[in-house]
Chemist: 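Okay, here's the structure, questions in a sec.
When a ligand or atom number is given, it counts from 1 through the structure's own listing order. We're numbering straight along the sequence, starting at 1.
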Amino acid sequence: MSHLLAIVRDVSPSMTSCELTHIARTPIDVDRARGQHAAYARALETLGCAVRQLPADETMPDSVFVEDIAVVVDEVAVVTRPGAASRRGEVHAVREALAQYRALVEIVSPGTVDGGDVLVTGRSIVVGRSARTNEEGIRQLSRAMEAFGYATRSVSVNGCLHLKSAVTALSDELLLIDPRWALRDEFREFELLDTDPHEEGAANVARVGTRLLYASAFPRTRDRIERRGFSVLTVANDELAKAEGAVTCGSLIFTVP
Ligand code: CIR
């Protein structure tokens, strides 16, 4: 029987030198970030995933955020070429791990894609045009996925790091959106649930099978999600959030036989 596998990667000792785009640098307690990441991995297990932990790399401050390094669907894994040059070395370990489970396609120069910009629901893929993901990267991703029957289109992202900072899926039909950062009109085929306007950063939720993993910092939005009938498990993510990481960023979740 098939089951869910989550690939995660330990917090790097150099995380304090992470990339930052939209927030100011504040001191990061690496041990606390490690503790939160370990609790996140346990939560993934609670939600039914087998967890495979890749070792940290001291030379790669952002390597805990494995989501950006690949887009994995049932048929293929697309290994990205991250938009931040400092993150390009992260692909080697993730590529090696994914090669055991999927055929691989690579995004190549001058294309760039961060997995945080790629939202997959069913056979539909929406990609954010962000500071990290360029038109050429979108073209390459689109071509790779088209071969397996996935339709890809791109949308604008404004004021946040990635598309999935602004909008993520609660189900294949319902998206959680912060309308300040993504345009509702660009998601007409979906039903949309707004985040609570007092909770910035609340639009990122991780789907794990039929359940959801969410940050404990957003109780008002959590309430909105639960009122729609979803089961939500929360984890503390505030230390990792100082590196601009949200809950989807820390794992690559996919089905294995
Ligand atoms: C970066 O700027 O690349 C990291 N500090 C944060 C990446 C977060 N990843 C994500 O949203 N998918």
Chemist: Pick one: which of Val126, Asp68, Val127 meets side chain to side chain contact (heavy atoms under 4.5 Å, CB included) with Val118?
Modeler: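 Between Val118 and the candidates, side chain to side chain contact (heavy atoms under 4.5 Å, CB included) is satisfied uniquely by Val127.
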Chemist: Decide whether an N or O pair under 3.5 Å exists between Thr21 and ligand 1.
Modeler: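 Such a contact does not occur with ligand 1.
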Chemist: Enter the distance from Ser86:OG to Asp62:CG here, rounded to the nearest 0.5 Å.
Modeler: 6.0 Å
Chemist: Can you list the atoms of ligand 1 that are under 4.0 Å from a heavy atom of Cys249?
Modeler: 8 (C), 9 (N), 10 (C), 11 (O), 12 (N)
Chemist: Taking NZ, NE, NH1 and NH2 as the nitrogens, is one of them in Glu45 or Arg42 under 4.0 Å from a carboxylate oxygen of the other?
Modeler: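 Salt bridge absent between Glu45 and Arg42.
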Chemist: Look at Arg220 together with Asp223 and state whether they make a salt bridge at an N to O cut-off of under 4.0 Å.
Modeler: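 No.
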Chemist: Please list, in number order, the atoms of ligand 1 under 4.0 Å from a heavy atom of Glu67.
Modeler: 10 (C), 12 (N)
Chemist: So if I count the atoms of ligand 1 from 1 in the order they appear, which ones are less than 4.0 Å from some heavy atom of Asp68?
Modeler: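 Matching atoms, with element in brackets: 7 (C), 8 (C), 9 (N), 10 (C), 12 (N).
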Chemist: For ligand 1, which atoms sit closer than 4.0 Å to a heavy atom of Gly116?
Modeler: 12 (N)
Chemist: Would you indicate which of Pro82, Cys160, Ala243, Pro61 comes nearest to atom 5 (N) of ligand 1 when only heavy atoms are counted?
Modeler: Ala243
Chemist: Measuring from atom 3 (O) of ligand 1, which candidate in Arg132, Glu244, Lys242 has the nearest non-hydrogen atom?
Modeler: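 Among Arg132, Glu244, Lys242, the closest heavy atom to atom 3 (O) of ligand 1 belongs to Arg132.
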Chemist: Are Lys164 and Glu67 ion-paired here, with the side-chain N under 4.0 Å from a carboxylate O?
Modeler: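 Looking at Glu67 together with Lys164, the answer is yes, because their closest N to O distance falls below 4.0 Å.
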Chemist: Against heavy atoms of His162, which atoms of ligand 1 measure under 4.0 Å?
Modeler: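 Within the 4.0 Å cut-off of His162, ligand 1 contributes 9 (N), 10 (C), 11 (O), 12 (N).
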Chemist: Of the backbone atoms (N, CA, C, O) and the side-chain heavy atoms from C-beta on, which set of Arg87 has a member under 4.0 Å from an atom of ligand 1: side chain, backbone, both, or neither?
Modeler: side chain
Chemist: What atoms of ligand 1 come closer than 4.0 angstrom to any heavy atom of Asp62?
Modeler: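 What qualifies from ligand 1 is 4 (C), 5 (N).
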Chemist: Is the ring pair Tyr40/His37 parallel, tilted or perpendicular, if the boundaries are 30 and 60 degrees?
Modeler: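 Parallel.
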Chemist: Less than 4.0 angstrom from a charged side-chain N to a carboxylate O is my criterion; do Arg123 and Glu75 meet it?
Modeler: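 Here Arg123 pairs with Glu75 in a salt bridge, since their nearest N and O are under 4.0 Å apart.
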